[in-house]
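We use all heavy atoms of the structure for the numbers below, so side chains are in, but hydrogens, waters and symmetry mates are not. Counting starts at 1 for both ligands and their atoms, in listed order.
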Amino acid sequence: MHKKDIKSYKNAFLIAIIYFIAGALWIVLSDVAVALIVEKAEDITAIQTYKGWFFIFTTTIGLFLLSYYFFHTMYINYAKNIEESKAFLKTKEELSESKETIKFSQTELSRHGKLLNTIINGLPEAIFAKNLDGNYILFNNGASDMLNIFPDEILGRGDEILFAQKEAANIQEEEQKLLYHKKIITREEIHIVNKQERAFLTTRGVLLDNDDEVFGIFGIVRDITEQKEYEKFLLDSKEKFYKLSHINHVTALPNRLSLSEFLSEKCTKNLPFSLILFDLDEFKIVNDSYGHRFGDKLLLEIANTLKELFGSSVFIACIGGDEFAIVIDSNNIDVITILMRKLHATLNNPFKIEMTDVYITASSGVCSYPDDVKNVDELYQAADTAMYNAKKLGKNRFSFYDAKFKKEAITYTKMVTNLKHAIGKDELELYYQAQNSATSGKIIGTEALLRWKHDGKMIPPSIFIPLAEKSGLIIEVGNFVLKSGFEMAQKWHHQGVFDGRVSINVSIRQLTHLDFLKTLKELLFESGCKASWVELEITESYILENPKLAIALLEELKELGFNISMDDFGTGYSSLSYLKNLPIDKLKIDRSFVTNIQNEPKNQIIVKTIIFLAKELGIHILAEGVETQEEQEFLLQNGIDSIQGFYYHKPVCAKEMESLMLG
Ligand code: C2E
Ligand code: MG
Ligand code: MG
């Protein structure tokens, strides 16, 4: 029998014995008590009944209490057992669930591990981790490729394997700081790898465990050497491009673009300053005589002189071939005047280039901000106008901007517009001036001189021809002159009025125009005029502007059959020996040498020399602007071939010229 069953048996037996003893005692004792208390026998029966009922009542209560205790205990045990078995079942379930979770987690963990591993090793960046001793605990394929070492060779070891001692020490020091500050730091580093200097972008941070305790550092490194080289290349290119676009290559001074940026900035600050523009008066002659290399050296020398004169605080620029700009932080006229005098005095000193003393002059214009102009656009224009004025006044001087220049500019624009319409409106007309033989006095030639009748006034060619040249209208105007001149020559020859040549002035702008020869031939052909009836006059100074080109063009004209004369001879300072290279038929001595020649010994020598030389070279020689008999006589005595001047005839209209020719 089971231990618990024995105990239950004992308990039941004990209860039965107690019940038996209590019942027996009750019966015996109650009967004794009844016999003692009750005297009457009939009462004993009734009391026996009550005693019996009382026994039943108490045993019933006892039975009830025992049953209650028994069932209650049984129920509690039962409930407890149920709870315990339930709890047991739950724990079992949970246990199996946990097992599954652990299994799942393990699978997931390995999956994530693989994923992480693939990512870490697939990245081109170097990814590493080190423990607190500085030994590598992670070294991905990127790091392996970058540093050319297998992970096995480095894992468990430190930076001394990878880098030179000093470099490794620096890294260690850096990482110690990181461990202290616990920050993530990204920076660019240079390291020597495989004996080559390479640039890296490195991010380092600390590794924390579950308790937030530092247990190492991690790093992500990108090799940015190529990127850095490209950035440097871009930067260099940008700098080079900036320099190229902002520096004048001959003088190494800032150029026009630099000047305009500088001026814009100055105007934004709204502080007073002055802009000085100047250019060299006869730089072209220097260039043509000594060559461009020599000219460049002169410009460089001027640039250095300017730097010495004004110091580094003043902005100096070279804005064109021979054009310079200076910006001074003052608009005080007295201060600027002193500076300008100093500038011109300095420029007037000879410059020594290749052992040669070069004398040069300059014309300059000054414009002050904000007194003369209010914005940067007008500034340059105003200084340029002032410089133009200095040139107009005879060069080698400076001029301050004057508001009247603006009016002149407006007048200029108006005149250009009017001149443009002049051809269509029949306002242009050719006048003719006779060229007389010095010996016979006969008219041997005639020069066509253009006249412009506008609004009832006669505008002189000295005004409108430069205007036409400057505005480009000279092409149209020149074609009109050629057409009218050819037609007149054709008419006079055809009608037998005149057998000499008609001289037509040709501007160099016309001559060098691409279509010139084509147009010339067309106009000649259309007019029916022969080239041999015409002489083309080219001004000496124009020929000097580009002698090689001029010679080539003049030779073509000669080939077409035209006569060529050099106009205003003596004003262009051409060397006389140069003449022999020019394909010219006639020299026209400028009026400035002829006027009052009988009283000008120097001019007499010049004119005599020119006449002598022309004769030696077989060139016809004419004197312009002869007004008096004294002048005519002097020239005649010295062997002049022909004369053009008021002494014989003033320029007249074609009709009058015709009468003169016939008369
Ligand atoms: P130029 O070709 O040297 O013409 C001679 C100028 O001297 C003319 O002035 C003429 O009137 C002037 N003249 C002639 N003899 C005397 C004299 O005895 N005394 C004075 N004081 N002057 C005299 P103009 O007609 O005023 O022409 C001036 C310049 O304008 C010309 O100088 C020429 O360079 C230019 N020009 C005139 N017509 C034309 C043209 O059709 N085309 C071009 N490109 N230029 C022209
Ligand atoms: Mg002329
Ligand atoms: Mg002339």
Side-chain angles (χ1 to χ4, degrees), residues 419 422-423 427-436 438 443 445-453 457-489 501-513 516 520 523 534-543 545 563-572 584-597 610 620-632 635 640 642-654 656-657 660:
L419 183 60
I423 307 171
E427 290 180 357
L428 296 182
E429 184 185 348
L430 281 186
Y431 269 43
Y432 294 88
Q433 186 179 24
Q435 296 173 339
N436 300 73
I443 298 176
T446 180
E447 181 177 6
L449 294 162
L450 191 58
R451 298 290 177 258
W452 179 17
K453 280 180 223 148
K457 276 185 276 173
M458 191 70 96
I459 301 172
S462 54
I463 302 247
F464 73 84
I465 291 292
L467 190 94
E469 282 180 347
K470 205 173 163 198
S471 62
L473 278 175
I474 193 71
I475 306 299
E476 262 181 87
V477 171
N479 287 345
F480 168 82
V481 173
L482 286 170
K483 186 175 184 294
S484 314
F486 290 163
E487 280 169 1
M488 199 48 74
R501 289 191 178 88
V502 174
S503 292
I504 297 176
N505 291 286
V506 177
S507 151
I508 194 77
R509 309 271 168 270
Q510 244 181 301
L511 195 65
T512 51
H513 192 261
F516 179 68
L520 186 79
L523 292 173
V534 177
E535 186 165 84
L536 298 175
E537 288 192 13
I538 322 284
T539 304
E540 181 201 14
S541 54
Y542 289 159
I543 293 177
E545 273 183 29
N563 245 37
I564 309 287
S565 71
M566 192 190 258
D567 204 357
D568 304 341
F569 188 75
T571 54
I584 51 167
D585 304 285
K586 189 192 271 180
L587 268 189
K588 295 181 78 177
I589 303 175
D590 191 65
R591 183 160 66 91
S592 54
F593 298 98
V594 173
T595 305
N596 202 21
I597 193 161
I610 296 173
H620 184 99
I621 184 97
L622 175 145
E624 287 188 286
V626 178
E627 292 185 356
T628 63
Q629 195 175 348
E630 290 84 352
E631 291 164 358
Q632 187 262 352
L635 292 162
I640 198 87
S642 55
I643 284 173
Q644 180 180 344
F646 295 173
Y647 177 69
Y648 287 104
H649 301 287
K650 285 195 170 180
V652 290
C653 67
E656 279 183 54
M657 187 73 236
L660 286 176

Checklist entry - Is there a side-chain contact (heavy atoms from CB on, under 4.5 Å) between Gln433 and Tyr648 once you walk through the steps? => result CA-CA 9 Å; Gln433 186 179 24; Tyr648 287 104; over 6 Å; no
Checklist entry - Should Trp452 and Glu427 be marked as a side-chain contact (heavy atoms from CB on, under 4.5 Å) after you check the CA-CA gap, both sets of side-chain angles, and the distance that decides it? => result CA-CA 6 Å; Trp452 179 17; Glu427 290 180 357; 2.8 Å; yes
Checklist entry - So is Arg451 close enough to ligand 1, meaning a heavy atom under 4.0 angstrom away? => result yes
Checklist entry - Should the proximity of Lys650 to ligand 1, defined as any heavy atom under 4.0 Å, be assigned to the side chain, the backbone, both, or neither? => result neither
Checklist entry - What do we get for Asp568 next to ligand 1 when only non-hydrogen atoms under 4.0 Å count, side chain, backbone, both or neither? => result side chain
Item to check | Donor-acceptor contact present, side-chain Asn505 to main-chain Glu537, <3.5 Å | outcome: no
Item to check | Any Ile504 side-chain heavy atom under 4.5 Å of Phe486 side chain | outcome: yes
Item to check | Student check: side-chain heavy atoms of Leu467 and Leu473 closer than 4.5 Å | outcome: no
Checklist entry - Please state which protein non-hydrogen atom is closest to atom 43 (C) of ligand 1 and give its distance, to 0.1 Å? => result Asn505 CB, 3.5 Å
Item to check | Minimum side-chain heavy-atom gap His649-Tyr432 below 4.5 Å | outcome: no
Checklist entry - Any side-chain donor-acceptor pair under 3.5 Å between Gln644 and Gln435? => result yes
Checklist entry - Looking at Gly645, which atoms of ligand 1 are within less than 4.0 Å of one of its heavy atoms? => result 15 (N), 18 (O)
Checklist entry - Quick one: does atom 25 (O) of ligand 1 have a protein heavy atom under 4.0 Å from it? => result yes
Checklist entry - When you look at Ile621 and Ile589, which way does the side-chain contact (heavy atoms from CB on, under 4.5 Å) test go after all the steps? => result CA-CA 7 Å; Ile621 184 97; Ile589 303 175; 3.8 Å; yes
Checklist entry - What part of Arg591 sits under 4.0 Å from ligand 1 if we count only heavy atoms: the side chain, the backbone, both or neither? => result side chain
Checklist entry - Can you tell if the side chain of Val594 reaches within under 4.5 Å of the side chain of Glu624, non-hydrogen atoms only? => result no
Next on the checklist: Give me the nearest non-hydrogen protein atom to atom 28 (C) of ligand 1 as residue plus atom name, then the distance to 0.1 Å.
Outcome noted: Pro461 CG, 3.9 Å
Checklist entry - With atoms numbered from 1 as shown, which atoms in ligand 1 lie under 4.0 angstrom from a non-hydrogen atom of Val626? => result 18 (O)
Item to check | Ser642 (side chain) donor-acceptor with Ala438 (main chain) under 3.5 angstrom | outcome: no
Next on the checklist: On a heavy-atom basis, I'd like to know which of Pro651, Ser503, Ser565, Ser507 is closest to atom 44 (N) of ligand 1.
Outcome noted: Ser507
Next on the checklist: side-chain contact (heavy atoms from CB on, under 4.5 Å), that's the test. Do Phe480 and Leu450 meet it? Break it down for me.
Outcome noted: CA-CA 10 Å; Phe480 168 82; Leu450 191 58; 3.9 Å; yes
Checklist entry - With sequence neighbours excluded, what pairs up with Lys586 under the salt bridge (Lys or Arg N to Asp or Glu O under 4.0 Å) test? => result Glu535
Item to check | For atom 32 (O) of ligand 1, closest protein heavy-atom neighbour | outcome: Asp567 OD2, 4.6 Å
Next on the checklist: I'd like to check whether Glu469 has a polar contact with ligand 1, where a contact means an N/O of the residue lying under 3.5 Å from an N/O of the ligand.
Outcome noted: no
Checklist outcome for this item: of all protein heavy atoms, closest to atom 6 (C) of ligand 1 is Leu449 CD2, 4.6 Å
Next on the checklist: Give me the nearest non-hydrogen protein atom to atom 22 (N) of ligand 1 as residue plus atom name, then the distance to 0.1 Å.
Outcome noted: Phe646 CZ, 3.4 Å
Checklist outcome for this item: for atom 20 (C) of ligand 1, nearest protein heavy atom and its distance come out as Glu627 OE2, 3.2 Å
Checklist entry - Do Leu430 and Met488 have side-chain heavy atoms sitting under 4.5 Å apart? => result no
Checklist entry - So which protein heavy atom does atom 12 (C) of ligand 1 come closest to, and at what separation? => result Gln433 OE1, 4.5 Å
Next on the checklist: Could you identify the single nearest non-hydrogen protein atom to atom 38 (N) of ligand 1 and state the distance to 0.1 Å?
Outcome noted: Leu450 N, 3.1 Å
Checklist outcome for this item: Excluding waters, which are neither shown nor counted, protein N/O/S atoms under 2.8 Å from the Mg ion (ligand 2) come to 4
Checklist entry - What do you reckon, does Glu447 put a non-hydrogen atom under 4.0 Å from ligand 1? => result yes
Next on the checklist: Quiz question for you: does at least one protein heavy atom lie closer than 4.0 Å to atom 4 (O) of ligand 1?
Outcome noted: yes
Checklist entry - For the side chain of Glu631 and the backbone of Thr628, is there at least one donor-acceptor N/O pair under 3.5 Å apart? => result yes
Checklist entry - Which one of Ile584, Thr571, Asp590 satisfies the side chain to side chain contact (heavy atoms under 4.5 Å, CB included) criterion with Glu540? => result Thr571
